[in-house]
Amino acid sequence: MLVLGVETSCDETSVSIVLDGKQVLSNVIYTQIDIHKVYGGVVPEVASRHHLRKITHVFDQAFEQANVKPEDIDLVAVTSHPGLIGSLLVGINAAKTFALAYGKKCIEVDHIVGHIYANYIESDFDFPMIALVVSGGHTELVLIKDHYDFTVLGETLDDAVGEAYDKVGRVMDLQYPAGAKVDKLAHEGKPTYKLPVVYVDKDSYNFSFSGLKSAVLNEVNKCHMKGEEINIADLACSFQTSVVKVLTDKTIKAALDYKVKQIVVAGGVAANRGLRESLSAAAEQNNLKLTFPKMVYCTDNAAMIAVAGYFKNKYQA
Ligand code: KG4
Ligand code: ZN
């Protein structure tokens, strides 16, 4: 089955063609990061306009690279939520117009479910599984008993992890999106700053990152006021150590509590080197199968939407 995936929920315009939920024939991503970084974040109105400008070209490239004709597509899958409404509308309109013109079925896919299914490109799923979802807008632990059977066990009560990375990066004068830059700096420093590791409460699967974020901002302000130089690499390392510790501990606890066969990590922060190292070591210690998506499938892309659409069509639609 050939699935055409379309993703325009934020600042990436992406179209992909995937065979049987697994083999990525094309995955074209046009990123608007350079446009938004001068504003320090995504400007919704600007994002919609750029999706509109690029979407037809990205469609054409996806077909060209996959060497597939529009008539060959069996199913169209498009991100319907969550995301910026103006941006989502561009993708939804394009996908539905394509489906109508060629007489194809079109189904809507949840963006977060797409992030989870990015793992399927790497590895088959052994149920039950725990998904750690860590993106710019979401931080969740999800129990997955079977395809398209999701129970959210816990989530962030305030900032998402990616959001905390971006805000901490901002006070360190790093350009948006700062997550990968903070990650790189963290590997050049030592965890010398005393920062909180917030568990909300020990048995809960919920997270909270705003206190940690404020603690980092306080350190920076204190140094500015005293006229002292701040060691950015050490501060990044201390911040990352706190984040990674709580993410690792809660994920392993959920995996053991629910006796799962696999852990998958999803979303932009799944690219984080510190998280990959820490979770890999903890999973190995506890004899748990762990998968991360390939780097290119960690951040927003349409291949993950096509894979999720393939399974939604099979098990739910
Ligand atoms: O999943 P994603 O592409 O977009 C959303 O759906 O939100 O995630 C983007 C987020 C941004 O906040 C970015 O700073 C963060 O993922 N990110 C990282 C890393 N790479 C991207 N955060 C920490 N470490 C990284 N290596
Ligand atoms: Zn995303």
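Each ligand, and each atom within it, is numbered from 1 in the order the structure gives.
Here the shortest heavy-atom pairing between Ala302 and Gly5 reads CB-O, 3.4 Å. Leu275 approaches Val244 most closely through the heavy-atom pair N-CG2, 3.7 Å.
Considering backbone and side-chain N/O of Tyr165, none are found under 3.5 Å from N/O of ligand 1.
Contacts of Asp300 with ligand 1, taken as heavy-atom pairs under 4.0 Å, involve both backbone and side chain. Under 4.0 Å from ligand 1, heavy atoms of Val269 appear from its side chain as well as its backbone. Contacts with ligand 1 closer than 4.0 Å are made by no heavy atom of His138, backbone or side chain.
Closest to atom 12 (O) of ligand 1 among all protein heavy atoms lies Asp166 OD2, 2.7 Å. Summary of contacts: the protein heavy atom closest to atom 26 (N) of ligand 1 is Asp183 OD2, 3.1 Å. Nearest non-hydrogen protein atom to atom 19 (C) of ligand 1 is Ala180 N, 3.6 Å.
The pair Asp249-Lys245 meets the salt-bridge criterion, with a side-chain N (NZ, NE, NH1 or NH2) lying under 4.0 Å from an Asp/Glu carboxylate O. Salt bridge status for Asp74 with Lys104: absent, with no side-chain N to carboxylate O gap under 4.0 Å.
For the 3.5 Å distance criterion, the side chains of Tyr205 and Asp257 qualify, holding a donor opposite an acceptor. Remark: the Tyr165 side chain and the Gln240 side chain contain an N/O donor-acceptor pair separated by less than 3.5 Å.
Considering the Zn ion (ligand 2) as centre, the angle to OD1 of Asp300 and to NE2 of His115 is 100° (10° rounding).
Judged by the 6.0 Å distance and 45° axis criteria, Lys69 is not positioned over the aromatic ring of Phe63.
Proximity to Thr299 (heavy-atom distance under 4.0 Å) selects the following atoms of ligand 1: 3 (O). For ligand 1, the atoms sitting less than 4.0 Å from at least one non-hydrogen atom of Gly137 are 7 (O), numbered in the order shown with element in parentheses. Interface of Gly162 with ligand 1, defined as ligand atoms under 4.0 Å from a residue heavy atom, comprises 12 (O). Residue contact check: His111 has heavy atoms under 4.0 Å from atoms 6 (O) of ligand 1.
Side-chain N or O atoms of His115 include none that pairs as donor or acceptor with a backbone N or O of Val133 at under 3.5 Å.
Counting backbone and side-chain atoms alike, His111 contributes an N/O/S atom closer than 2.8 Å to the Zn ion (ligand 2).
Heavy atoms of Arg273 stay at 4.0 angstrom or farther from ligand 1.
Taking all heavy atoms of Asn272, Leu174, Thr31 into account, the minimum distance to atom 23 (C) of ligand 1 is reached by Asn272. The residue among Gly268, Gly179, Gly136 with a heavy atom at the shortest distance from atom 5 (C) of ligand 1 is Gly136.
Taking hydrophobic clusters as Ile, Leu, Val, Met, Phe, Trp and Tyr residues chained together by side-chain heavy-atom distances below 4.5 Å, Val307 shares a cluster with Val142.
Taking the ring centroids of Tyr30 and His50, they lie at or beyond the 6.0 Å cut-off.
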